[in-house]
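Report on the following structure.
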There are 2 protein chains.
Amino acid sequence: MLSLKRYTRIAKLARLAYYAYKMTYAMDQDSGNRATDSGSASAAEPRLLAAEVLERLRDLIIQGELAPGVKLNERVLCERLRTSRTPVREAIKFLASEGLVELLPNRGAIVTRITATTVREMFVLLGALEALAGELACANASEADVAEIRALHYQMLAHHTRGELTLYFRCNQQIHLRLVECAGNATLTNTYRALNGHVRRARYMANLSRDRWDHAVEEHQKILDALTRRDSVLLPALLRSHLGNKMAVVLDALASKPVE
Amino acid sequence: MLSLKRYTRIAKLARLAYYAYKMTYAMDQDSGNRATDSGSASAAEPRLLAAEVLERLRDLIIQGELAPGVKLNERVLCERLRTSRTPVREAIKFLASEGLVELLPNRGAIVTRITATTVREMFVLLGALEALAGELACANASEADVAEIRALHYQMLAHHTRGELTLYFRCNQQIHLRLVECAGNATLTNTYRALNGHVRRARYMANLSRDRWDHAVEEHQKILDALTRRDSVLLPALLRSHLGNKMAVVLDALASKPVE
DNA sequence: CATGATTAAATTGCATACAAAATAGGGCCC
DNA sequence: GGGCCCTATTTTGTATGCAATTTAATCATG
């Protein structure tokens with residue numbers, strides 16, 4: 001009787017080790033295009049179709065291929081993603097709670113529209129989040145973290161001088177994300193990520209003027225300096241105003257190029 | 001040719017009006033228990049089974065009936081909620097992106113565990129969000145808004161003196177939510193709501209000592225005063241420290257009563 | 001009696017089938 | 001010609017079926 005109990009408990013461990021070797025195969029499936037961060041499932045885990053669909057859909061929306069306001073036709077998406085409706089539907093539910101799509105009961109889902117109001121709201125919120133992140137980062141960031149951000153900063157400068165806008169954006173994004181990660185608050189990072197998806201979506205429409213661009217780079221220089229000095233008062237303030245300027249840029253773009 | 005085009009456009013409007021009367025029946029289905037706010041679907045829209053399931057599940061988790069760490073067995077949940085697996089699965093996906101459950105590929109989902117770390121993270125984040133809300137509320141809140149909060153505050157005081165903890169909590173929650181809503185930033189409100197679900201879950205375990213409780217009430221008094229004076233510097237600071245104290249309480253409870 | 005492989009049951013993931021609702025089009029009346 | 005009702009098609013929402021994977025139980029073995 002007693003042995004049976006112990007057995008089952010130990011068997012669990014044994015099986016875990018046994019199944020471990022099976023996991024290896026899962027890595028193969030992971031070799032697909034993984035340009036964007038997963039966000040939902042860690043890398044070594046077996047890939048589910050629904051997760052794949054989720055990422056594809058999210059990218060389509062963020063990159064504007066599925067424009068704001070368009071209806072997500074399940075049948076069409078199934079054909080496009082070569083799968084059945086179930087994973088697509090589950091992915092849509094997921095996106096809905098991220099706020100990228102809006103659910104209309106019995107009438108499917110549409111890609112959330114980008115309005116001046118929502119952009120303003122998101123940037124205000126992002127400003128607060130990054131300010132918090134900056135404050136925490138001053139306390140928690142390791143020297144290696146700061147060095148990494150510095151490296152990204154210089155890489156970004158290079159892209160700036162060469163006028164490589166897309167690459168610049170990518171570096172920029174990474175710097176901000178890294179900074180938020182330095183705060184050492186996983187919940188904050190997740191919240192930031194979700195919101196940032198929306199902003200990136202808006203960003204795809206914005207076209208920086210050279211003036212604005214130069215100004216943004218200057219701000220980034222100050223931000224880096226403040227982080228290096230671990231100035232936990234200045235850094236949050238800088239980040240907040242930086243976000244405020246970004247907002248102005250996006251709003252301008254939105255005004256000149258109204259959605260739809 | 002032209003008339004056909006116009007026709008279809010007008011027909012849409014006509015149909016909208018036509019279907020409007022159908023909507024009325026939907027209200028009946030809405031008469032069920034709607035203790036908590038919906039958050040995802042507005043009231044007048046036709047209720048979907050999946051939405052119903054979502055709310056039920058969320059409540060079960062927040063109220064701790066589905067304890068942290070337990071596995072969500074789809075079959076069991078189906079029986080319990082009298083539905084098939086599809087809506088349950090979709091609801092689980094939704095909850096996963098809210099962070100209330102964790103998806104284990106091929107092995108289902110478990111209710112997210114509450115650790116000291118996550119509690120700390122969430123409260124820090126909530127602190128920043130409420131601080132932002134406070135700042136914005138000072139600028140945006142109408143006199144009616146402030147009056148409403150004041151009313152809730154006095155109601156809360158009544159519950160405090162009578163020692164009615166649950167009712168006190170409810171008022172408390174409402175005050176905080178109302179304050180966040182006063183900021184006039186829907187995105188902020190949504191983010192706050194999602195995070196607050198987690199905190200409420202932790203709160204169900206915490207048992208306030210009288211000292212702590214009295215202290216919390218004092219803080220609320222100061223908060224109300226600051227809001228009344230529209231002190232956009234003091235109010236955020238008060239809210240942040242208030243959240244900090246709440247965190248300490250929850251962490252204490254967590255330490256004395258470790259989860260699972 | 002503990003450990004490892006093998007088989008059986010349960011559970012998840014995906015695909016499909018059916019029901020209900022939405023949309024689109026055609027006929028009708030004015 | 002313009003507006004409304006009614007039917008046909010499409011699309012969504014839910015249930016169910018099947019395959020793959022995980023988990024539990026059984027058996028063999030040193």
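Lettering of chains follows the sequences in order, A, B, ..., and the numbering in each one begins at 1.
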- Item | Test side-chain hydrogen bond (donor to acceptor under 3.5 Å, both in side chains) applied to Glu102(A) - qualifying residues, sequence neighbours left out | none

- Task: Grab the CG-C1' distance between Leu54(A) and dC14(C) for me, whole Å please.
- Result: 16 Å

- Distance-only, no hydrogens or angles: does the Asn140(A) side chain make a donor-acceptor pair with backbone N or O of Cys182(A) under 3.5 Å? no

- Note on the structure: On a heavy-atom basis, the closest approach of Thr112(B) and Gly99(B) is OG1-O, 2.8 Å

- Query: Does the side chain of Thr86(A) get closer than 4.0 angstrom to OP1 or OP2 of dC14(C) through an N or O atom?
  - Reply: no

- State whether the distance check finds a donor on one side and an acceptor on the other, under 3.5 Å, for side chain Arg107(B) versus base dG13(C). no

- Between dA22(C) atom C1' and Ile110(A) atom CD1, what is the distance in whole Å? 15 Å

- Note on the structure: Whole-Å distance, Glu102(A) CD to dT12(D) C1', equals 17 Å

- Task: May I ask you to evaluate whether Thr83(A) reaches the phosphate of dA15(C), defined as a side-chain N or O under 4.0 Å from OP1 or OP2?
- Result: yes

- Note on the structure: For Gly184(B) and Glu121(A), the nearest pair of non-hydrogen atoms, with its separation, is O-OE2, 3.8 Å

- Query: Between dT12(C) atom P and Leu104(B) atom CG, what is the distance in whole Å?
  - Reply: 11 Å

- Message: Can you tell whether the side chains of Glu130(A) and Lys246(A) come within less than 4.0 Å, N to carboxylate O?
- Response: no

- May I have the distance from Glu52(A) (atom CD) to dC14(C) (atom P), rounded to whole angstrom? 11 Å

- Query: Leu103(B) CG to dT11(C) P: how many Å, rounded?
  - Reply: 18 Å

- Query: Could you give the CG-to-C1' distance, from Asn106(B) to dA10(C), as a whole number of Å?
  - Reply: 14 Å

- Task: Return no unless some side-chain N or O of Arg89(A) is found under 4.0 Å from OP1 or OP2 of dG13(D).
- Result: yes

- Query: Would you say the side-chain atoms of Asp145(A) and Ser142(A) include a donor-acceptor pair closer than 3.5 Å?
  - Reply: yes

- Quick one: Ile92(A) CD1 to dT14(D) P, roughly how many Å, whole number? 14 Å

- Note on the structure: So, with a heavy-atom separation below 4.0 Å from DNA chain D, the residues of residues 71-82 of chain A are Lys71(A), Leu72(A), Asn73(A), Glu74(A), Arg75(A)

- Where the side chain of Arg85(A) is concerned, which of dG13(C), dA15(D), dT12(D) is the nearest nucleotide? dT12(D)

- Query: Under 3.5 Å, is there a donor-acceptor pair between the Glu181(A) and Tyr192(A) side chains?
  - Reply: no

